[in-house]
2 protein chains.
Amino acid sequence: MAERRTPSRERIVAGAADMISRRGLSATSIREMAKHAKAPLGSTYHYFPEGKQQLATEAVRYTGEWVARSLRKELESGPVEGLRAFLALWRKIVVESDFHAGCPVLAVAVEEPPADEVPPALAAAADVFAQWETLLAASLREHGAEAEQAAQLATLVVAAVEGTVAMCRAKRSAQPLDDTAEQLRALVVGAIKR
Amino acid sequence: MAERRTPSRERIVAGAADMISRRGLSATSIREMAKHAKAPLGSTYHYFPEGKQQLATEAVRYTGEWVARSLRKELESGPVEGLRAFLALWRKIVVESDFHAGCPVLAVAVEEPPADEVPPALAAAADVFAQWETLLAASLREHGAEAEQAAQLATLVVAAVEGTVAMCRAKRSAQPLDDTAEQLRALVVGAIKR
DNA sequence: GGTAGACTATGACGGCCGTTATAGCCAGAG
DNA sequence: CTCTGGCTATAACGGCCGTCATAGTCTACC
């Protein structure tokens, strides 16, 4: 019934992820997300009854899963290849959007939780980061890296890539991504060959 | 006349930087910034006639200079000590705000420039990143690192710290900062001892 | 053919946004 | 004392925000 084929719902989520990655969460209105996905405003509240927070949460998870899929596949060729693909993926997004788009997960992570509760979208962002780190760390361990070193390095890689993507947008240049790519590559090579 | 002593103006800028680092630029209203600095709304438009963009730009520059001062001082004891202080500075902000505050420069970098122009606040963010990198790279070179290596490593450090700070907020944990700290430290030590 | 339920269309609600205008205050210079 | 000019107070402007309600439409199954 509801899940037969609803390309509209997924289009909204994907579009929301794209817009959030460009403008940030609070600068992206539900009306704009609907229009961007060529969906009526009423539909967004039909598919996402909990409103903006739910849509943001799903956008984060959508991006997380999309990147994780690519990561899993490329890591089959080893950590170095996985890292290369991870960096290439973000480089493509940044460059092809003419330095307008970035990572929606980071965009959501950079907004204050109201008072003392943790909004679901922020929790989803934490999960996505952890997921990417887990994938990288596992591959590193499988290729000979010591456990703690693998975990730390995985964290560094994810954080560095996120930070570098944002930096590239500010500088309107892909140079930072190429610089950190080289540094991280050497680091990964050193970590698995010992 | 205007610059004799106007603590009010600086209070507004400092408060704006803090609020932007928590909620992001577009989620922070001028009214709130004024109230947070206990200044009347009219005063913000008196001190910053170009409105929100100008205030954001000054907040970014203010933070940039503040961090650069600390960085310059600590780098006198060498790159390793400078890196340690850099990380400690952000760790303090993140932890003491109970994972609510981050870096206002990153917050500004993560908002889409409208159409094809570059807002001054975004340009300021790029400048601040470059400034921090320059300081680190110079210190690395002075301590024996090769020029290109120094530049790349400096970029990695700044980007990684920015990304890690955001990650800590999402995870509500300082662990990522401690992890990347260790990795970066080893990297810096290796780069200057050769 | 009828009926249920997924989706859409439309419009309204109060509220906050950035910005501007205008008039008033009040210290310090002459 | 007067007057100037930095600063404040107050109110208003149009506009977009998130959300909700209600009445439709249309499709798929009985």
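Sequence lines set the chain letters: A, B, ... in the order given, protein chains first and strands last, and positions in each chain run from 1. Any value given below was found using the heavy atoms of this structure, including those in side chains, with hydrogens, waters and symmetry copies removed.
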Legend entry - Sequence neighbours excluded - salt bridge (Lys or Arg N to Asp or Glu O under 4.0 Å) pairs with any residue from residues 24-38 of chain A: A:R23-A:E32
Legend entry - Where B:I30 and B:G51 come nearest, the two heavy atoms and their spacing: CD1-C, 4.2 Å
Legend entry - Residues from residues 32-41 of chain A lying under 4.0 Å of DNA chain D - heavy atoms: A:E32, A:L41
Sequence neighbours excluded and cut-off under 3.5 Å, please list the side-chain donor-acceptor pairs for residues 124-132 of chain A, or say none.
{"from": "A:Q131", "atom 1": "NE2", "to": "A:E65", "atom 2": "OE1", "distance (Å)": "3.3"}
{"from": "A:W132", "atom 1": "NE1", "to": "A:G64", "atom 2": "O", "distance (Å)": "3.2"}

Inset, instruction - Please identify each residue that fulfils side-chain contact (heavy atoms from CB on, under 4.5 Å) with B:S77, with sequence neighbours left out. - result: B:E81
Inset, instruction - Linking directly or through intermediates, with side-chain heavy atoms under 4.5 Å: list the remaining ILVMFWY members grouped with B:V110, chain and number order. - result: A:L106, A:V110, B:L106
Inset, instruction - With sequence neighbours left out, write down each residue that passes side-chain contact (heavy atoms from CB on, under 4.5 Å) with A:R172, or none if nothing qualifies. - result: A:D98, A:F99, A:H100, B:V118
Legend entry - Partners passing side-chain contact (heavy atoms from CB on, under 4.5 Å) against A:T134 (at least two apart in sequence or in another chain): none
Inset, instruction - Please state how far atom CD in A:Q54 lies from atom P in D:dC20, giving the value in whole angstrom units. - result: 12 Å
Inset, instruction - Could I get the full list of side-chain contact (heavy atoms from CB on, under 4.5 Å) partners for A:Q53, not counting sequence neighbours? - result: A:T57, A:P119, A:P120, A:A121
Inset, instruction - Enumerate the residue pairs fulfilling salt bridge (Lys or Arg N to Asp or Glu O under 4.0 Å) with a member in residues 41-60 of chain B, sequence neighbours excluded, ordered by first and then second residue. - result: B:R9-B:E58
Inset, instruction - List the atom of A:A101, the atom of A:S21, and the distance in Å for their closest heavy-atom pair. - result: CB-OG, 3.7 Å
Legend entry - Positions of residues 19-30 of chain B (non-hydrogen atom under 4.0 Å from DNA chain C), listed by number: B:T28, B:S29, B:I30
Legend entry - Euclidean distance, atom NZ of residue B:K52 to atom C1' of C:dC17 [Å, nearest integer]: 8 Å
Legend entry - Rounded interatomic separation in angstrom, taking OH from B:Y45 and P from D:dA11: 18 Å
Legend entry - Candidate nucleotides C:dT20, D:dG18, C:dC7, ranked by approach to the side chain of A:H46 - the nearest: C:dC7
Legend entry - Contacts of type side chain to side chain donor-acceptor pair (under 3.5 Å), residue B:K92, not counting sequence neighbours: B:E96
Legend entry - First encountered from the 5' end of DNA chain D, between A:R31 and A:G42: A:R31
Could you list, one pair per line, each protein nitrogen or oxygen that sits under 3.5 Å from a nitrogen or oxygen of nucleotides 25-27 of chain C, together with the distance?
none

